[in-house]
Amino acid sequence: MSRVINFSAGPATLPLPVLERVKSELLDFEGTGMSLMEHSHRGAAYSAVHAEAKSLLTELLNIPDTHEVLFMQGGASGQFALVPMNFLHQGQSADYVITGTWSEKALIEARIQGDAREAANAKNDGAFTRVPTNEELELDPKAAFVHFTSNNTVAGTQFHSFPEVGDRPLVCDMSSDLLWRPIDVSKFDLIYAGAQKNLGPAGVTIVIIRKDLMATGREDIAKIFRYSVIAGKDSLYNTGPTFPIYVVRNVLSWVKDQGGAAAMEARNRQKSEMLYGLIDAKSSFYRSPIEKASRSVMNVVFRLPTEELEKSFISSCADAGMVGVKGHRSVGGIRISMYNAMEPSNIEKLADFMTDFCAQNS
Ligand SMILES: *Cc1c(COP(=O)(O)O)cnc(C)c1O
């Protein structure tokens, strides 16, 4: 077996022990004589997995009783639509903090449902190279909610402290950084994350929602789109994505074995300091376009002196067994994604490779 080092932004690399567990349980799940994929979503075998996934997430993020954990489908993009469908009532307006591609898309969906405004827009000269400070937010005192993206997967920026929005409901797309560190969930009214970046495979979306907010959701929309209906059936209103939820359960159990969210934070900071440290030390060759205070710990975006060198960097990486390093087509350059599952030893290998590449090409 030879596995490459996969720096893809998502779907992204998974911890090897998680994949090995999936492999060992694939044909005969816990002595039941069938795969988990073949089990009823209402049967005992799957129910235990479902409950454990939920309780592990609750434990790892210290989610208070005021909030409910949901497993949904439709990805983060589905949530872009569902949040305003449920919580943007007639005559109301919602505030969006625009920090990249994903928040722009979320705003477009909100405007299909009703009124939505930009509370800030971090685009400067056509690029997103920082996130706004609290002082820069122009919040509508009556906003139905404030929506922001904690980590901008494409641009490579991240909020290191969260917007302060008073008593307006705070909604956050944490698709690419949920569980990278401990957070105070009580500060949020709704958090959502597609699993395929930091939490598991594609196919399930994790939602953490304040019960008070959920109770105010519109009831004149299809039942399948109402958070209250999904919560009322413990995310088993219809057949859910049982296998992706099972893999998420395995990832959460791995995170717990590693020491939980605080251990993830230490490990992620170590990796990002290693990589940004190298980029800054060789700044005549590697250049981070992102303002220091806004740099993402998850997605490190950088440029080389020319596009030719970037192409050669990407192909030399592939020769060295490192894939998924090409920047998003909208920003170009290089992007190294290093979510929880990325081993620090792989960042060391990359750093050695980058040191050599710089020496040979500058
Ligand atoms: C990947 C990503 C999305 C889109 O996720 P889908 O599950 O493909 O809809 C949205 N927001 C952020 C921050 C992302 O990284």
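Just so it is clear, the model here is predicted, and its values are computed rather than measured. Just the heavy atoms: all of them, side chains too, but no hydrogens, waters or symmetry mates, feed the values below. Whatever order the structure lists ligands and atoms in, that order sets their numbers, starting from 1.
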What are the atom names and distances for all N or O pairs under 3.5 Å between ligand 1 and the protein?
from, atom 1, to, atom 2, distance (Å)
ligand 1, 7 (O), Ala76, N, 3.1
ligand 1, 7 (O), Gln196, NE2, 3.0
ligand 1, 9 (O), Ala76, N, 3.3
ligand 1, 9 (O), Ser77, N, 2.8
ligand 1, 9 (O), Ser77, OG, 2.6
ligand 1, 11 (N), Asp173, OD2, 2.6
ligand 1, 15 (O), Thr153, OG1, 2.5
ligand 1, 15 (O), Lys197, NZ, 2.7

**Q.** Sequence-distant partners of Tyr286, ring-ring contact (aromatic ring centres under 6.0 Å, His included), two or more places apart
**A.**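 Partners of Tyr286 by the ring-ring contact (aromatic ring centres under 6.0 Å, His included) criterion, ordered by chain and then number, come out as Phe302.
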
**Q.** Residue of the set Arg295, Glu291, Lys292 for which side-chain contact (heavy atoms from CB on, under 4.5 Å) holds with Arg130
**A.**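 Between Arg130 and the candidates, side-chain contact (heavy atoms from CB on, under 4.5 Å) is satisfied uniquely by Glu291.
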
Q: Please check if the distance between the ring centroids of Phe80 and Tyr96 is under 6.0 Å.
A: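 Judged by ring-centre distance (under 6.0 Å), Phe80 and Tyr96 do not meet the cut-off.
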
Q | Any donor-acceptor N or O pair under 3.5 Å, side chains Asp177, Asn198 | A | no

Q. Any luck finding a side-chain donor-acceptor pair between Gln196 and Tyr339 under 3.5 Å?
A. no

Q.
Can a donor-acceptor pair be found, under 3.5 Å and without considering hydrogens, that links the side chain of Arg226 to the backbone of Ile221?
A. yes

